[in-house]
Amino acid sequence: MNTFVSQGNIETMRSSERLAIAAAAISFFISTLDLGIVNVALPQLTRSLHIGASLATWTVSAYAVALSVTILPFGRLGDRFGIVRVSVAGFALFALFSIGCTLAPTIGILITFRALTGIAAAMLQGTAASFVSRYVRGSRRGQAFGWVSAVLSLGAVLGPSIGGFVVTFASWRWIFLAVVPFAVAGLVAAGMLRDVPSVAQNDLEAAAERPKGIARAVPFVVAGALGATFIAVFVGSPFELTREAHLPAWEVGLIMLATPLGAAIAARLAGALVQRGLGVASMLAGLAVDGVAALALLATPATSLGLFAALLFAFGIGSGAMQTPAIALSLAAFPARQQSTAGALQRFVQNLTIAGSAALSGVFIDRGGTASVWIFTAGVAFGTILIVAALTSLARRGTPSPAIVR
């Protein structure tokens, strides 16, 4: 029997969908924003606390390591005890620990609170995607994943921009308070929801696209490629624009906004493609666009600012075309009772490859300049296309796999 018959129930369902999308989007936004917002404040931090740069960078590393290490356990806890409970606790602790960072009198205490904030971020990222799979149904789900992916893309790159603005006009301590209002908004959105059972079995089985067999690895492979190619934006672009075009930091940040803008647009469009069963096609197209854009950036001088920005925009288009289906299909590949675990695993893979490629970026630039970054990015993109094609082909030729949802 359909439980959403009356107009009142329809309105309630739509209200819960909006709240769930808001909770998911804010979770991704503040947890990715906080990862990059501190970077631009490191010089001011070293002067204020009278410490060296190597110690100051632990304010970034402690957050990233704590997030990566604890995200999978919190995804599992979300499946077991309810994503609303875990998410509400995550938002509350995120705000509390951010205030602790603001008030920290020494670098040791600051690093401790940054690690604790990373754990709170893991609570948010570990449950964020499953808000959409649990509360949003039917044709609106692909659109919802598009919105969430768009906000995720913006948070990843807006961190340095917001951080730069704050430290220009105020102390470094204020950058941690900048995320508190967002955490409070997320707390309100998640707190207004009730934990519900996993989406119905027939709802998952009716999905337009549901990876089976070895093809279930495809969205996680693409998530890894997304993380690995992020260095093109976070490392290659700033170095090239600073060293070759001799631009000040604020202009570099302005040009780099072309990438999240392209990603936000493409992520929204990719949501419709996922709903029509074209998620894998969207990811393959995104990989191809990123590979071509990276090769074009290799041949484009940074002094050609208009063309350089256009190529960064194209790179964002490719990334956005991958992000939405990578999130949606990773959840669709798992049983309904393991949605939070699936979302956490997807983010774990992407965070891990971001950390790994960031560690390699210094070696690339020191030995081969920014050209090596573009070559690496193109290699990852085109190599991943071959891997996805191989996995998809094997899945089609293999024996039928058991139903995912039992």
Side-chain angles (χ1 to χ4, degrees), residues 21 24-25 28 129 132-133 136 138-154 156 204 206-230 232-233 259-294 311-334 342-343 345-347 349-350 353 377-378 380-393 395-396:
I21 293 171
F28 277 138
V132 176
S133 66
V136 183
S139 61
R140 290 185 292 274
R141 185 176 296 152
Q143 184 183 32
F145 276 122
W147 276 111
V148 171
S149 298
V151 174
L152 169 61
S153 300
L154 288 173
L204 274 181
E209 190 169 14
R210 191 161 59 98
K212 295 181 179 180
I214 197 170
R216 284 181 287 191
V218 167
F220 299 99
V221 170
V222 173
L226 263 169
T229 56
F230 270 170
V233 175
T259 298
L261 177 61
I265 293 172
R268 291 279 292 108
L269 297 175
L273 295 178
V274 170
Q275 201 60 42
R276 295 177 183 177
L278 298 173
V280 173
S282 179
M283 290 189 292
L284 288 172
L287 286 164
V289 170
D290 274 5
V292 172
L311 290 173
L312 289 180
F313 178 81
F315 191 90
I317 290 288
S319 297
M322 289 185 276
Q323 186 75 266
T324 298
I327 294 175
L329 297 185
S330 64
L331 268 65
F334 272 64
L345 179 60
Q346 190 270 343
R347 290 305 306 169
V349 171
Q350 193 161 331
T353 52
T377 301
V380 169
F382 293 126
T384 305
I385 289 176
L386 296 178
I387 295 173
V388 171
L391 291 173
T392 304
S393 177
R396 288 173 178 170

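Any value given below was found using the heavy atoms of this structure, including those in side chains, with hydrogens, waters and symmetry copies removed.
At a threshold of 4.5 Å between non-hydrogen side-chain atoms, the residues Ile327 and Ser149 count as touching. Residues Val289 and Phe315 have side chains not in contact (no heavy-atom distance under 4.5 Å, counting atoms from C-beta outward).
Closest approach of Ala378 to Gly291, counting heavy atoms only: CB-O, 3.8 Å. In terms of heavy-atom proximity, Ile21 sits nearest to Ala144 at CD1-CB, 3.6 Å. Contact record, Ala223 with Thr353: O-OG1, 4.1 Å, taken as the closest heavy-atom pair. Here the closest heavy-atom approach between residue Pro219 and residue Pro325 is recorded as CB-O, 4.4 Å. For the pair Leu331 and Ala342, the tightest heavy-atom approach, listed with the atom from each and the gap, is CA-CB, 4.1 Å. Nearest heavy atoms, Ala321 versus Ala266: N-CB, 3.7 Å.
Of the residues listed (Leu287, Val222, Val380), the one engaging Ile385 in a side chain to side chain contact (heavy atoms under 4.5 Å, CB included) is Leu287, and it is the only one.
Taking OG1 of Thr392 as the start and CD1 of Ile387 as the end, the distance is 11.5 Å to the nearest 0.5 Å. To the nearest 0.5 Å, atoms CE (Met322) and CG (Asp290) are separated by 4.0 Å. Note that OG1 of Thr384 and CG of Leu391 are 10.5 Å apart. Values are rounded to the nearest 0.5 Å. Interatomic distance, OG1 of Thr324 versus CZ of Phe145, reported as 9.0 Å (0.5 Å rounding). Here the CD atom belonging to Gln323 is positioned 4.5 Å from the CG atom belonging to Leu152, to the nearest 0.5 angstrom. Considering CG of Leu329 and CZ of Phe220, their distance stands at 9.5 Å, rounded to 0.5 Å.
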Side chain to side chain contact (heavy atoms under 4.5 Å, CB included) evaluation trace for Leu226 with Ser319: CA-CA 7 Å; Leu226 263 169; Ser319 297; 3.9 Å; yes
task: Apply the test side chain to side chain contact (heavy atoms under 4.5 Å, CB included) to residues Val132 and Trp147: give CA-CA distance (whole Å), side-chain angles for both, the deciding distance (0.1 Å), then the verdict.
output: CA-CA 10 Å; Val132 176; Trp147 276 111; over 6 Å; no
message: One pair to check against side chain to side chain contact (heavy atoms under 4.5 Å, CB included): Met283 and Val218. What are the steps and the verdict?
response: CA-CA 9 Å; Met283 290 189 292; Val218 167; 3.7 Å; yes
field: Phe313 and Thr259: CA distance, side-chain angles, deciding distance, side chain to side chain contact (heavy atoms under 4.5 Å, CB included) verdict
entry: CA-CA 5 Å; Phe313 178 81; Thr259 298; over 6 Å; no
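Side-chain N or O atoms of Ser282 include none that pairs as donor or acceptor with a backbone N or O of Leu278 at under 3.5 Å.
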